[in-house]
Undergrad: 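Sharing a structure here in structure tokens format.
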Amino acid sequence: RSGEMAKLTQLIDNEVFRAYATYATIVLLKMMLMSLITAYFRISRKAFVNPEDTASFGKGESAKKYLRTDPSVERVRRGHLNDLENIVPFLGIGLLYALSGPELSTALLHFRIFTGARIAHTFAYLIPLPQPARGLSWAVAYAVTISMAYKVLKTALYL
């Protein structure tokens with residue numbers, strides 16, 4: 001019947017939705033890993049931005065030297081920010097795409113390419129690999145999200 005919400009069991013039985021859930025979980029875990037890598041670099045480089053984070057290194061003036069930026073920490077942070085700018089749109093658009101009724105094979109192609117490109121982007125950022133590795137991996141994932149958005153708009157088209 002028109003206007004009824006899909007039941008949760010219908011979503012769980014939907015192969016495209018399960019594929020979306022799988023790859024969304026992978027990229028979210030990858031993004032969460034970036035937080036741990038940032039923390040590791042902050043601790044190993046003793047580069048903190050909050051005074052309370054330096055408490056284990058002393059008090060007052062002796063701890064102030066640890067309130068600083070570090071190029072390695074900032075590089076990881078930029079990679080994490082890039083994840084936020086690209087994975088969050090993928091989550092929303094990917095969900096709408098999964099619910100728009102695409103073929104499973106086409107949806108899997110979108111989800112796998114996006115996930116692979118974002119993982120490649122992380123390696124390109126952290127190693128660092130020479131350009132255009134990072135730029136290409138970013139562009140591929142971005143293009144996948146645009147492709148899914150186009151399909152959603154083409155399917156719904158309530159503009």
Side-chain angles (χ1 to χ4, degrees), residues 1-44 47-50 53 69-159:
R1 294 188 297 196
S2 180
E4 272 190 29
M5 295 287 288
K7 293 183 176 135
L8 187 56
T9 55
Q10 289 173 312
L11 285 179
I12 292 170
D13 289 339
N14 181 317
E15 288 182 301
V16 173
F17 181 78
R18 286 198 330 250
Y20 163 77
T22 299
Y23 288 97
T25 301
I26 291 168
V27 294
L28 284 170
L29 287 170
K30 188 214 80 59
M31 191 166 63
M32 290 172 63
L33 180 62
M34 292 299 285
S35 296
L36 296 175
I37 294 169
T38 302
Y40 168 77
F41 272 80
R42 281 203 183 284
I43 293 166
S44 66
F48 304 98
V49 293
N50 299 307
D53 297 338
T69 59
D70 178 86
S72 297
V73 173
E74 292 307 307
R75 185 167 192 85
V76 176
R77 287 185 67 239
R78 287 191 306 273
H80 193 190
L81 270 174
N82 194 276
D83 274 351
L84 289 169
E85 294 167 357
N86 291 275
I87 291 174
V88 170
F90 166 80
L91 295 174
I93 291 171
L95 176 61
L96 295 172
Y97 172 75
L99 298 175
S100 72
E103 290 292 323
L104 176 62
S105 60
T106 305
L108 281 169
L109 188 64
H110 278 92
F111 301 152
R112 287 173 177 163
I113 291 173
F114 180 88
T115 301
R118 288 312 302 174
I119 290 170
H121 184 270
T122 297
F123 281 114
Y125 232 122
L126 296 180
I127 289 176
L129 296 176
Q131 283 287 26
R134 191 178 80 240
L136 284 174
S137 59
W138 171 85
V140 166
Y142 198 82
V144 167
T145 304
I146 294 297
S147 173
M148 291 188 301
Y150 174 77
K151 168 69 162 86
V152 169
L153 289 173
K154 186 178 166 196
T155 301
L157 209 58
Y158 284 110
L159 300 175

Undergrad: Which heavy atom of N86 sits nearest a heavy atom of F114, and at what distance?
TA: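 What the structure gives for the nearest pair is O-CZ, 3.7 Å.
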Undergrad: So how far is it from L33 CG to Y40 OH, rounded to the nearest 0.5 Å?
TA: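 Here the interatomic distance stands at 13.0 Å.
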Undergrad: For F17 and Y20, take the angle between the two ring planes, folded into 0 to 90°, and tell me which bin it lands in: parallel under 30, tilted 30 to 60, perpendicular over 60.
TA: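 Rings of F17 and Y20: tilted, as their planes differ by 30° to 60°.
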Undergrad: Write down the atom of V140, the atom of A117, and the distance for their closest heavy-atom approach.
TA: CG1-CB, 3.9 Å
Undergrad: Out of curiosity, T122 OG1 to D83 CG, how far, rounded to the nearest 0.5 Å?
TA: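 These two atoms lie 5.0 Å from each other.
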Undergrad: Hey, what do you get for OG (S100) to CG (L95), rounding to the nearest 0.5 Å?
TA: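 Between atom OG of S100 and atom CG of L95 there are 10.0 Å.
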Undergrad: Find out whether the Lys NZ or Arg CZ of R134 is both under 6.0 angstrom from the six-membered ring centre of Y125 and within 45° of the ring's axis.
TA: yes
Undergrad: Of the non-hydrogen atoms in A47 and D70, which two are nearest, and what is the gap between them?
TA: CB-CB, 3.6 Å
Undergrad: Rounded to the nearest 0.5 Å, what separation is found between the NE2 atom of H121 and the OH atom of Y142?
TA: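 With rounding to 0.5 Å, NE2 (H121) is 13.0 Å from OH (Y142).
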Undergrad: Do you know which two heavy atoms are closest between P102 and V16, and how far apart they sit?
TA: O-CG2, 3.5 Å
Undergrad: Hey, is the main chain of A143 close enough, under 3.5 Å, to the side chain of S147 for a donor-acceptor pair?
TA: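 Checked: no pair found.
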Undergrad: Is any side-chain heavy atom of R77 less than 4.5 Å from a side-chain heavy atom of F41?
TA: no
Undergrad: Stepwise, does the side chain to side chain contact (heavy atoms under 4.5 Å, CB included) test hold for M34 with V76?
TA: CA-CA 7 Å; M34 292 299 285; V76 176; 4.2 Å; yes
Undergrad: Between atom CD1 of I26 and atom CD1 of I119, what is the distance when rounded to the nearest 0.5 Å?
TA: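 Result: 7.0 Å between the selected atoms.
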Undergrad: Looking only at heavy atoms, which two atoms of M31 and H80 are closest? And how far apart?
TA: O-NE2, 3.5 Å
Undergrad: For F123 and L129, which heavy atoms make the closest approach, and how far apart are they?
TA: O-CG, 4.3 Å
Undergrad: Which class fits the ring pair H110 and Y97: parallel under 30°, tilted 30 to 60°, perpendicular over 60°?
TA: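 Ring orientation, 0 to 90° scale: tilted.
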Undergrad: For R112 and Y23, which I'm curious about, is there any donor-acceptor pair between the side chains at under 3.5 Å?
TA: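 Judged by distance alone, the side chains do pair up.
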Undergrad: Would E103 and L109 count as a side chain to side chain contact (heavy atoms under 4.5 Å, CB included) if you check the C-alpha gap in whole Å, the side-chain angles of each, and the deciding distance to 0.1 Å?
TA: CA-CA 10 Å; E103 290 292 323; L109 188 64; over 6 Å; no
Undergrad: For a side chain to side chain contact (heavy atoms under 4.5 Å, CB included) check, start with the C-alpha distance between N82 and R118, then their side-chain angles and the critical distance, and finish with the verdict.
TA: CA-CA 10 Å; N82 194 276; R118 288 312 302 174; 2.9 Å; yes
Undergrad: CG of D53 to CZ of R42: how many Å apart, nearest 0.5 Å?
TA: 8.0 Å
